[in-house]
K.L.:
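Here it is, the structure in full.
The shown structure was predicted, so the numbers you read here are calculated from the model rather than taken from an experiment. Letters A, B, ... mirror the listed sequences (proteins, then strands); counts begin at 1.
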Amino acid sequence: MPLPPKLTRAFFDRSVHKVAPELIGATLMVGGVGGVIVEVEAYHHTDPASHSFGGPTPRNTVMFGPPGFAYVYRSYGIHWCLNFVCEREGSASAVLIRALEPTEGLAAMRRRRGVAEARALCSGPGKLCEALGVTVKHNGLAFDRAPFELRARVGKPEIVVGPRIGITKAVDEPWRYGLKGSRFLSKPFP
DNA sequence: TGGGCGATTCGCT
DNA sequence: GCGAATCGCCCAC
């Protein structure tokens, strides 16, 4: 059976609220290591919780560039978080990748993470960056070129929706998307 | 130029 | 469930 088609930069040149749910079930690989995306969050440019809300800064420059590129930032001084930049038109929106179901490169993930259980490898934005070896070196790289490989979902998975995690602004907006019934989520949906 | 603060994780209770 | 770890970013002084 052939692999699903690779996603193109045009896929990301749409509203973050359309792109985010369509990423559930897609396959994300970094250097041959990765799996199926099971959880994401949307950050729109009109959203007070978005890093781009206050305008361009050195950190968020990539968000104000063209869609289809990686925005990687440091969280709590410790972890890295990976985003897809969306929507070109004078805006700055992105999708945060929060959890994967690991399918390729399990040994590399276990080595990087220092844990054995598959559920603990990629069940959180910081965890999956560690497992896939994503750092600030990937900030500004295109998703349709190495080391990234992104393939479309197969069929239409059942999607659950809920409020986003760990933020203090716009906390009630239901812009977190997950694969229904997945055991690899960072947290259960309410 | 300095202090407060985070799109988190992990270990201990 | 709660709090520490940890540091770059960002804005107010």
K.L.:
Strictly distance-based, threshold 3.5 Å: is any side-chain N or O of A:Ser50 a donor or acceptor partner for the main-chain N or O of A:Asp47?
P.N.:
no
K.L.:
Do the side chain of A:Asn139 and the main chain of A:Val72 share a donor and acceptor less than 3.5 angstrom apart?
P.N.:
yes
K.L.:
Taking only Lys NZ, Arg NE, NH1 and NH2, and the carboxylate oxygens of Asp or Glu, determine whether A:Arg110 and A:Glu117 approach each other closer than 4.0 Å.
P.N.:
no
K.L.:
State, with a plain yes or no, whether a side-chain heavy atom of A:Leu100 is found less than 4.5 Å away from one of A:Val38.
P.N.:
no
K.L.:
Between the main-chain N or O of A:Ile165 and the side-chain N or O of A:Glu41, is there a donor-acceptor pair closer than 3.5 Å?
P.N.:
yes
K.L.:
B:dG4 and C:dA4: how far apart are their P atoms, nearest whole angstrom?
P.N.:
16 Å
K.L.:
Check whether any side-chain nitrogen or oxygen of A:Thr57 sits under 4.0 Å from OP1 or OP2 of C:dC9, and answer yes or no.
P.N.:
no
K.L.:
Rounded to the nearest Å, what distance is computed from the CD atom of residue A:Glu41 to the C1' atom of nucleotide B:dG6?
P.N.:
14 Å
K.L.:
Under 4.0 Å between a side-chain N or O of A:Arg59 and OP1 or OP2 of C:dC10?
P.N.:
yes
K.L.:
May I ask you to say whether A:Asp172 pairs ionically with A:Arg164, meaning some side-chain N is under 4.0 Å from a carboxylate O?
P.N.:
no
K.L.:
Base, sugar-phosphate, or nothing: which does A:Arg176 touch, judged by heavy atoms less than 4.0 Å apart?
P.N.:
nothing
K.L.:
Can you see whether A:His44 engages A:Thr46 through a side-chain donor-acceptor pair at a distance of less than 3.5 angstrom?
P.N.:
yes
K.L.:
Any stems for DNA chain B, made of 3 or more Watson-Crick or G-U pairs in a row, each with both distances under 3.5 Å?
P.N.:
B:1-6 with C:7-12, B:8-12 with C:1-5
K.L.:
Mind checking the C1' distance from B:dC5 to C:dG3? Whole angstroms is fine.
P.N.:
16 Å
K.L.:
Is any side-chain heavy atom of A:Arg14 closer than 4.5 Å to a side-chain heavy atom of A:Glu22?
P.N.:
yes
K.L.:
Measure from the ring center of A:His51 to the ring center of A:Tyr73 and say whether it is less than 6.0 Å.
P.N.:
yes
K.L.:
Nearest heavy atom decides the nucleotide; on that basis, is A:Ser123 or A:Thr168 closer to the 5' end of DNA chain B?
P.N.:
A:Thr168
K.L.:
Would you say B:dA7 has OP1 or OP2 under 4.0 Å from some side-chain N or O of A:Lys169?
P.N.:
no
K.L.:
Counting only non-hydrogen atoms, which of residues 68-82 of chain A are less than 4.0 Å from DNA chain C?
P.N.:
A:Tyr76, A:Gly77, A:Ile78
K.L.:
Which of the following nucleotides, B:dG6, B:dC10, B:dT8, is nearest to the side chain of A:Lys127?
P.N.:
B:dC10
K.L.:
CZ of A:Phe53 versus P of C:dC11: gap in Å, rounded?
P.N.:
12 Å
